[in-house]
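These notes are about the structure you will find just below.
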Amino acid sequence: MIPLEGLPLIQTGDNLGKMIVKNAETQGTPIQPGDVVVVTHVVVSKAEGNIVDLNTVKPSQRAIEIAKQTNKDPALVEIVLQETKDIVRLGQNSIITETHSGIICANAGIDHSNVSGDQKVVPLPKNPNASATAIRTEIKQYSGAEVAVIVADTHGRPFRMGEINVAIGTAGFNPIRDRRGEKDLFGYVLKIKQTAIADELASAAELVMGQASEGIPVAIVRGYKAYQPTENTNTTPLTRPKEKDLFR
């Protein structure tokens, strides 16, 4: 896990792929074929101009009612509703949502950390898989290397304390390693083993990226040989279908 240090604060319109390639070269760890580049959703949204000033938001009546239930800022709740396809559950201090891109998370993934200005928030990228694909294309353009890209976000988990990074957008590899049909150490044929390697790689990368003042929004995972390169998949297979979800 190689942290990419020294990146400047990302501004709207920045070419993330170009910046990642240049910074990796500067710190002596140039991008190599087969690398997995993990990027936090906050810098992706910033580069895409997806930032909201809550001072400019007029809450709807529904947002005001939900804000009272959840003890949240009505303007923030309004943005959560705008980013939400379906409310999964309301809690004392949280709104569990399904976003328009199919991601199930708290508060539609809207981030208030690592954003300048007390009233500015950063929603998730509108299409995280398309964002990952664009960054991958840019990295190939400026480095010549075929890589995989993960756009990551920090999520809590049902029944477990603490947050981990998960993949909300991917490009260039299959996010699930299907090992069904393989045999274990004692010859037993695996029947249900499917490993969410995109989430595992995102979470591992977070160990060197951090979640607070570290200022490291990108990490390079190098030497992981088990992923399957492909041009035709994204994070959709990682979301459990409603009919198989025991908690909705």
Side-chain angles (χ1 to χ4, degrees), residues 16 36-52 60 62-63 66 70 72 76-91 94-112 121-137 148-160 163-178 192 194-203 205-206 217 227-228 230-248:
L16 281 178
V36 181
V37 180
V38 183
V39 189
T40 65
H41 96 266
V42 171
V43 295
V44 175
S45 288
K46 282 182 174 181
E48 295 175 351
N50 195 14
I51 304 172
V52 178
S60 63
R62 187 185 184 205
I66 292 176
T70 56
K72 291 187 176 296
L76 174 62
V77 175
E78 177 61 32
I79 300 303
V80 169
L81 292 178
Q82 291 177 16
E83 298 290 321
T84 294
K85 179 168 66 174
D86 184 33
I87 292 180
V88 177
R89 189 163 298 178
L90 293 176
S94 62
I95 309 169
I96 307 302
T97 68
E98 180 181 354
T99 69
H100 293 297
S101 58
I103 300 165
I104 298 173
C105 55
N107 308 317
I110 293 172
D111 210 316
H112 212 147
V121 296
V122 179
L124 297 179
K126 295 297 182 184
N127 187 333
N129 290 304
S131 300
T133 299
I135 294 170
R136 179 172 180 257
T137 299
V149 172
I150 296 172
V151 176
D153 188 21
T154 304
H155 284 194
R157 301 162 294 161
F159 311 118
R160 302 284 288 182
E163 296 82 28
I164 62 172
N165 254 18
V166 300
I168 63 168
T170 59
F173 75 114
N174 193 330
I176 293 178
R177 185 183 181 193
D178 190 345
I192 59 172
Q194 297 182 77
T195 306
I197 61 170
D199 286 343
E200 291 189 329
L201 291 169
S203 194
E206 192 275 333
Y227 77 81
Q228 301 170 315
T230 179
E231 299 292 330
N232 301 310
T233 191
N234 52 43
T235 53
T236 299
L238 291 169
T239 300
R240 191 182 299 275
K242 285 185 179 181
E243 62 271 16
K244 294 184 179 180
D245 190 340
L246 300 178
F247 306 104
R248 281 206 280 176

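Just so you know, residue 1 is the first one in the sequence shown, and it goes up from there. None of the values given here were measured: they were computed from a predicted structure. Side chains are part of it too, since the values below use all heavy atoms of this structure and drop only hydrogens, waters and symmetry mates.
- Put simply, the residue from T154, D153, D199 that forms a side-chain hydrogen bond (donor to acceptor under 3.5 Å, both in side chains) with N165 is T154.
- Closest approach of P128 and I103 over heavy atoms only: CG-CD1, 4.0 Å.
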Item to complete: Go through V122 and N50 one step at a time and tell me if the side chain to side chain contact (heavy atoms under 4.5 Å, CB included) criterion holds.
Response: CA-CA 6 Å; V122 179; N50 195 14; 5.6 Å; no
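- Side-chain contact between I197 and F173 is present, with heavy atoms from C-beta onward closer than 4.5 Å.
- Look at E78 and K72 and you find no salt bridge, because none of the NZ, NE, NH1 or NH2 atoms lies under 4.0 Å from a carboxylate O.
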Practice prompt. Test L238 against I176 for side chain to side chain contact (heavy atoms under 4.5 Å, CB included), laying out the working first.
Written response: CA-CA 7 Å; L238 291 169; I176 293 178; 3.6 Å; yes
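- For the residue pair S94 and N107, no side-chain donor N or O sits within less than 3.5 Å of a side-chain acceptor on the partner.
- Looking at heavy atoms from C-beta onward, I168 lies in side-chain contact with H155 at the 4.5 angstrom threshold.
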Discussion item. Would L90 and T70 count as a side chain to side chain contact (heavy atoms under 4.5 Å, CB included) here? Give the steps.
Written reply: CA-CA 7 Å; L90 293 176; T70 56; 4.3 Å; yes
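- Within the model, atoms SG of C105 and CD1 of I95 stand 11.0 Å from one another, a figure rounded to the nearest 0.5 Å.
- Look at E98 and R89 and you find no salt bridge, because none of the NZ, NE, NH1 or NH2 atoms lies under 4.0 Å from a carboxylate O.
- By the 6.0 Å contact criterion, CZ on R160 is open, its count of non-hydrogen atoms from other residues, nucleotides or ligands being 12 or less.
- In this structure, I66 and I87 have side chains that are in contact, with non-hydrogen atoms separated by less than 4.5 Å.
- With values rounded to the nearest 0.5 angstrom, R136 atom CZ is found 12.5 Å from I150 atom CD1.
- With hydrogens and angles ignored, the 3.5 Å screen pairs no side-chain donor or acceptor of T230 with any backbone N or O of T233.
- Looking only at side-chain heavy atoms (C-beta outward), I104 and T97 stay at 4.5 Å or farther from each other.
- Here the shortest heavy-atom pairing between L124 and G109 reads CD2-O, 3.6 Å.
- Taking every heavy atom of both residues into account, P123 and V52 meet most closely at CG-CG2, 4.0 Å.
- Within the 3.5 Å criterion, the main-chain N or O of Q82 finds a donor-acceptor partner in the side chain of H100.
- Using a 4.5 Å heavy-atom threshold, the side chains of T84 and T99 count as separate.
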Practice prompt. Output, in order, the C-alpha distance, side-chain angles, deciding distance and verdict of side-chain hydrogen bond (donor to acceptor under 3.5 Å, both in side chains) for T236 and N234.
Written response: CA-CA 6 Å; T236 299; N234 52 43; 2.8 Å; yes
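- Considering only heavy atoms from C-beta on, E200 comes within 4.5 Å of T195 through its side chain.
- L76 has its side chain within reach of I110: a pair of non-hydrogen atoms, C-beta onward, lies under 4.5 Å apart.
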Item to complete: Applying side chain to side chain contact (heavy atoms under 4.5 Å, CB included), run through V121 and I51 and close with a yes or a no.
Response: CA-CA 6 Å; V121 296; I51 304 172; over 6 Å; no
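- Residues V77 and A63 approach most closely at CG1-O, 3.6 Å, considering heavy atoms.
- By the 4.5 Å heavy-atom criterion applied to side chains, K126 and E83 are counted as neighbours.
- A202 approaches A167 most closely through the heavy-atom pair CB-N, 4.0 Å.
- Closest non-hydrogen pair, S131 versus E48, comes out as OG-OE2, 2.6 Å.
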